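Position 1 is the first residue of the sequence; numbering continues from there. Note that ligands are numbered from 1 as they come in the structure, with each ligand's atoms numbered from 1 the same way. Everything numeric in this text was worked out from a predicted model, so none of it was measured.
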Amino acid sequence: MPIQIVRADITKMKVDAIVNAANETLLGGGGVDGAIHNAAGPRLLEECRKLGGCRTGEAKITKGYKLPCRYVIHTVGPVWQGGGHGERELLESCYKSSLMLAVKYRCKTVAFPLISSGVYGYPKDRALRVAIDTISAFLLDIDEMTVYVVIFDKASYTIGEKLFSDIKSYIDDRYADEHYDASSVRMRQYEVMRDGRFNVENINAKRDKKADTQSFADPMPTMAAQSVPLAKPLSLDEAVKQLDESFSEMLLRKIDERGMTDAQCYKKANIDRKLFSKIRSDKHYRPSKTTAIAFAIALELPLDETRDMLMKAGYALSHSSKFDIIIEYFIERGNYNIFEINEALFAFDQSLLGA
Ligand code: ADP
């Protein structure tokens, strides 16, 4: 997955380069800077002394010494002064300059801390947004690089933010709906039995109406539905002829219909090129659920088509799963920004979209 949000200690990450949130002297400090120097040993400071400092928004590179990474890219983030002093531009420039150095040194894997979000005071949710937006824009032109955004102290930035509290109430509402649905189904079963209305049109009408609003994973099949006579079963031959298009076929068809290129689609889905090639060349490839949803998001499919696409890969969306409800939340609002969705999934401890 080209961008991954992870919770980790950056000094432990086995990547080609980690990025240090340094200060202009490059002579070490507290926070992540201190942790990196401690883990790398004194030779890192020796090399830093020779660099002559670094301006805010720029980046310089050293070796990684005792760290498990090959390089440390040192960048200096802006101090937050309320947002009206070019902080965002400077922070963007930190990510861009660091990534340009990473490309120059042929790094395929790079890990960033949330620059400026510690003692420099940049609000963590905004710092994360700048990180994700800038890195994802940069990766549009670069293939085969994975960038980790490392969150150290998750609790401090999550649920307080408005987006996350909206999502939280949305989840709570859906859970309530699910509960309500189950009892209303029971009520309808009771009514049907009481009135003796075992009548197919009636039942089908109710079922169709409900299908618009309900997930596939309805855990409560109604007695009424069970009593509907089954259609004549298909012969094996007929069934094979009626096999639907596969996930891969549907994906490629939708990419064409949308007038997208393959690369536009897999980049928007936060999927790497190799995985996409596998799916493209194997008609029967069965992706993971997060990959399948990532493509539905990249294609900006509405909810019903998202469900179709998931079904091709053997999955459904359910109101009993927080993950699924969060996906629905974004699709219903027409927000197909996979990175924003991943931030929300991360905040709620769910798997992220992508490979
Ligand atoms: P700045 O001066 O740029 O604000 P800080 O080091 O104070 O830099 O904090 C930057 C971010 O790095 C903060 O979000 C902090 O929680 C995080 N951080 C601190 N230590 C680590 C670590 N070992 N690994 C990853 N992130 C860390």
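Annotation: salt bridge (Lys or Arg N to Asp or Glu O under 4.0 Å) contacts involving residues 14-30, sequence neighbours excluded, comprise Asp16-Arg70.
Here the protein heavy atom with the shortest distance to atom 4 (O) of ligand 1 is Gly118 N, 2.8 Å. Atom 14 (O) of ligand 1 has as its closest protein heavy atom Ser117 OG, 2.6 Å. Closest to atom 16 (O) of ligand 1, if we only count protein heavy atoms, is Asp153 OD1, 3.3 Å. Here the protein heavy atom with the shortest distance to atom 26 (N) of ligand 1 is Phe152 CB, 3.3 Å. The single protein non-hydrogen atom nearest to atom 24 (N) of ligand 1 is Ile10 N, 3.0 Å, given as residue, atom name and distance. Looking only at protein heavy atoms, the nearest one to atom 10 (C) of ligand 1 is Leu114 O, 3.3 Å. Nearest protein heavy-atom contact of atom 6 (O) of ligand 1 is Val32 N, 2.8 Å.
Taking a 4.0 Å cut-off on heavy atoms, Gly77 fails to register as neighbouring ligand 1. Using a 4.0 Å cutoff on heavy atoms, Val119 counts as a contact of ligand 1.
Residue Gly31 approaches ligand 1 through these ligand atoms, each under 4.0 Å from one of its heavy atoms: 6 (O). Interface of Ala21 with ligand 1, defined as ligand atoms under 4.0 Å from a residue heavy atom, comprises 3 (O), 8 (O). Near Lys124, with a cut-off below 4.0 Å to any heavy atom, the atoms of ligand 1 are 13 (C), 14 (O), 16 (O).
Between Lys254 and Asp308 no salt bridge is recorded (no basic side-chain N to carboxylate O distance below 4.0 Å).
Crowding of Arg43 atom CZ: a count of heavy atoms from other residues, nucleotides or ligands under 6.0 Å not exceeding 12.
With ring centers used as reference points, Phe138 lies 6.0 Å or more from Tyr95.
Relative orientation of the Tyr105 and Tyr71 rings is perpendicular, given thresholds of 30° and 60° on the angle between their planes.
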- Message: The test is salt bridge (charged side-chain N to carboxylate O under 4.0 Å, His left out); show your working for Asp349 and Arg7 and say whether it passes.
- Response: CA-CA 10 Å; Asp349 284 323; Arg7 192 163 174 225; 6.0 Å; no
- Task: I would like to know whether Arg129 and Glu343 meet salt bridge (charged side-chain N to carboxylate O under 4.0 Å, His left out); could you show each step before the answer?
- Result: CA-CA 9 Å; Arg129 175 53 43 81; Glu343 280 171 40; 2.9 Å; yes
